[in-house]
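First up is the structure itself, then whatever we jot down about it.
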Amino acid sequence: MEGEHRDIRCMVRKLSDNNWEIPKGHIPNMRVPGRLFVSESLLDGIEPGTIDQIANVATLPGIQKYSMAMPDAHLGYGFAIGGVAAFDTEEGIISPGGVGFDINCGVRLIRTNLRKEDVVPEIKRLTDELFTNVPAGVGSKSRFRASDQELDGAFLEGAKWAVDAGYGVEADVEHCEGNGYLEGADTAHVSTKARKRGKPQLGTLGSGNHFLEVQYVDEIYDREVASAFGLEEGQVTVMIHCGSRGAGHQICTDHLKELSQAVKKYGIEIPDKQLACAPAQSREAQNYFKAMLCAANYAWANRQMITHWTRESFEKVFGRDVDDMGMSLLYDVAHNVAKLEDHNIEGRKKEVYVHRKGATRAFPAGHPEVPAAYRDVGQPVLIPGSMGTPSFILCGAKDSMDVSFGSACHGAGRVMSRAHAKKEFHGQSVKENLEAHGITVRATHPSVIAEEAPGVYKSSSEVVNVVHELGIARKVARVIPLGVAKG
DNA sequence: ATGTCC
């Protein structure tokens, strides 16, 4: 492909460390410049097509300040994964490409008061128990048989519905971004097909890079914030990384069709068909938005149900009560979602549609949407590693509002296709290698392990260092996997 | 990511 011969260094202009501009002349009709937040070394790994995607988004109507991408940026559908863009609520647009297919893919972290040495001797049994209790894999079905009414509950009330249904406690909801649900969801815009796919999957992990992982804290970078987050060295934590399954995928697919028509109807010029969108206040855009919120809420309900089964699994293995094991929710973040938020733009506060696609909200200390428990330090920002690699806990930092619409990165980007990974690695040997490093893995098939081998992802530590140095999120702690369940 | 192509 011709793109591979283009020099990335000729496409960007360095503004300061970790901060690069994609000038308005990169492609015709850019309304604002692009911004790419990467280190010198990460820059060389960015595909030219990713730069083009950041520039393409800059041509969309009503875009504010600049079209940006986080240090884990890579090619996505229309918008780059790692992309953040905010649009005016009147002059701007809403685009499914700016959210992605896995609506509200996200991460939550459960604390325990168990120590690494308490868990290591039981890790195989615990990982087996988690793998048994939380269905994983493509097309996997839930242990929970949702009725239509219960599905509506998940679509409209997210984690709150799940807690009311007996999956968790009230405090869980308070420790989710947006209290585990977004207002304005309307199931009238969710197709029968999306319901049909979503109904049996409510309470499933999914596949790909999604996982359920038992970890321990091995390093604290910021004692004060770690203390506010209830984290200390040697402590065991559980991380859940999953999304809205077939429901979100179908909702995205359905509305992409409608919005492709809307592009013509409203005469919007887009440089890439994958940037299908409609004017923010149009019927088409609002219908997508209301359906997207249903999928976002479904994902929060999904992670909440998985949390409940995680707690039950620990109870069974350790023979202790969840409260006794201190299994409270630290936080739950969305990294694929569009939201109405207030931001300061050119010196005045205004409401915008912020699209985060493979980017985590990272609101700083003092922001009213940060839960009271963390208000003095900033919201927890959870950055999952890939299978067998460290994950990071950060907190939203003071410059995020000015620099990145209150956003940070979301994880390690893939550097090798699934097909390539399956040729390069063998599941069984990857598994043996991980077990030699003290990491137990349970997956539906060895090919899943090959596709997700540690070597197919960029290092998340390099990505995390960029957002830390930029002052948009600060490093708090690092966690190391002990046991992983995957689909 | 995804009933990994209706």
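Chain naming here is simple, since letters A, B, ... match the order of the sequence lines and numbering starts at 1 in each. Not measured: the values here are computed from a predicted model.
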### Task
To the nearest Å, give me how far apart NE2 (A:H210) and P (B:dT2) are.
5 Å

### Task
Classify the nucleic acid contact of A:K193 as base, sugar-phosphate or nothing, counting any heavy atom under 4.0 Å across all strands shown.
base

### Task
Whole angstrom is fine here: how far is it from CD1 in A:I103 over to C1' in B:dT2?
12 Å

### Query
Across the strands shown, which category fits A:G243 at heavy-atom distances under 4.0 angstrom: base, sugar-phosphate, nothing?
nothing

## Note on the structure
A:K486 NZ to B:dT4 C1', in whole Å, measures 15 Å

### Whichever of A:V138 and A:G208 has its nearest DNA chain B nucleotide further upstream toward 5'
A:G208

### Query
Between B:dT2 atom P and A:L256 atom CG, what is the distance in whole Å?
16 Å

### Task
Take atom CD of A:Q250 and atom P of B:dT2, then tell me their distance rounded to the nearest Å.
13 Å

### Under 3.5 Å side-chain donor-acceptor pair for A:T307 and A:R108
yes

### Message
Measure NE2/A:H445 against C1'/B:dT4 and give the value in whole Å, please.
### Response
14 Å

### Flag side-chain contact, heavy atom, 4.5 Å: A:M70 against A:V84
yes

### Query
Who are the ring-ring contact (aromatic ring centres under 6.0 Å, His included) partners of A:Y457, not counting sequence neighbours?
none

### Task
Could you state the atom-to-atom distance from CD of A:E452 to C1' of B:dT4 in whole Å?
13 Å

### Query
Which part of the nucleic acid does A:E451 contact within heavy-atom distance under 4.0 Å: base, sugar-phosphate only, or nothing?
nothing

### Task
Identify the heavy atoms of A:S391 and A:E213 that sit nearest to each other, and give their distance.
OG-OE2, 4.2 Å

### Task
Would you mind reading off the distance between A:H255 atom NE2 and B:dT2 atom C1', rounded to a whole angstrom?
17 Å

### Message
Please determine whether a side-chain nitrogen or oxygen atom of A:R418 lies at a distance below 4.0 Å from atom OP1 or OP2 of B:dT4.
### Response
no

### Query
Which ring-ring contact (aromatic ring centres under 6.0 Å, His included) pairs, counting each pair once, include a residue from residues 176-214 of chain A, with sequence neighbours left out?
A:H210-A:H241, A:F211-A:H241

### Query
When you check the phosphate oxygens OP1 and OP2 of B:dT2, does a side-chain N or O of A:T253 lie under 4.0 Å from one of them?
no

